[in-house]
Amino acid sequence: MAKKEPDLWELVVETVTIVAALVFLGLQIYYGYVYQSSLVTLLYHLLPALFLYAGMLVLQRYPELLNGFGSEPLQGKVRMYAIRMVRNSKLLVVLGMLFPSAADALGIEMNGAYSLFIMAGILGNIGYYLYRIYQYNSKQKGN
């Protein structure tokens, strides 16, 4: 399959995600320094975020893993929709971790419903792209 050049929007989403992840990492290190946390506490905060980010990078690079191991490669629009779904979900997850961290640094208390809004955004994103894949597959079977 020919590799296509990324669109401007894809570059913007990836750039915002990377910058947000680096700011989150910096805030966690800052908290560790200010509150004199141990290295273990810092790792408890960082490792889940790093593993989640790394897992989403793998899914973005190999969207076939969404179908399970040994499945046929995704092609065409299905692959494009799967990659966009993972990319946008990765952005929402990183921003979902960054905003509470930034609010803590500013001394602002976040409402507990914030987590629900982030989860609704992620589920809405997944639902939207699954619907687009379903529409595309239905259209292909009709031809």
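Predicted model only: the values in this text are computed from it and were never measured.
A113 meets the side chain to side chain contact (heavy atoms under 4.5 Å, CB included) test with N111, F117; sequence neighbours excluded. In this structure S38 satisfies the side chain to side chain donor-acceptor pair (under 3.5 Å) test together with T41, sequence neighbours excluded. Contacts of Y53 classified as side chain to side chain donor-acceptor pair (under 3.5 Å), with partners at least two apart in sequence or in another chain: none.
Between Y81 and Y129, the angle of the ring planes lies from 30° to 60°, which puts this pair in the tilted group.
Residues in residues 15-29 take part in these side-chain hydrogen bond (donor to acceptor under 3.5 Å, both in side chains) pairs, two or more places apart or across chains: Q28-H45, Q28-S101. Within the structure, no pair that satisfies the salt bridge (charged side-chain N to carboxylate O under 4.0 Å, His left out) test touches residues 106-131, not counting sequence neighbours. Each salt bridge (charged side-chain N to carboxylate O under 4.0 Å, His left out) pair with one or both residues in residues 12-38, not counting sequence neighbours, appears once here: E14-R87, E14-K90.
Note that OH of Y33 and CG of L42 are 14.0 Å apart. Values are rounded to the nearest 0.5 Å. How far OG of S138 is from OH of Y131: 9.0 Å, rounded to the nearest 0.5 Å. Atom NZ of residue K77 and atom CD1 of residue I133 lie 12.0 Å apart, to the nearest 0.5 angstrom. The CD1 atom of I18 lies 11.0 Å from the CG atom of L91; values are rounded to the nearest 0.5 Å.
Using a 3.5 Å distance cut-off with no hydrogens or angles, the side chains of Y128 and R132 do pair a donor with an acceptor.
Without hydrogens or angle criteria, N88 side chain to N125 main chain gives no donor-acceptor distance under 3.5 Å.
Here the closest non-hydrogen pair linking L43 and P48 is O-CD, 3.9 Å. Nearest heavy atoms, P100 versus M110: CA-CG, 4.1 Å.
By the criterion of side-chain heavy atoms lying less than 4.5 angstrom apart, applied directly or through intervening Ile, Leu, Val, Met, Phe, Trp or Tyr residues, W9 is grouped together with L92 in one hydrophobic cluster. Put simply, L59 and I83 are part of two different groups of oily side chains (I, L, V, M, F, W, Y) that touch within less than 4.5 Å, one to the next.
A 6.0 Å sphere centred on CE of M119 holds no more than 12 heavy atoms belonging to other residues, nucleotides or ligands.
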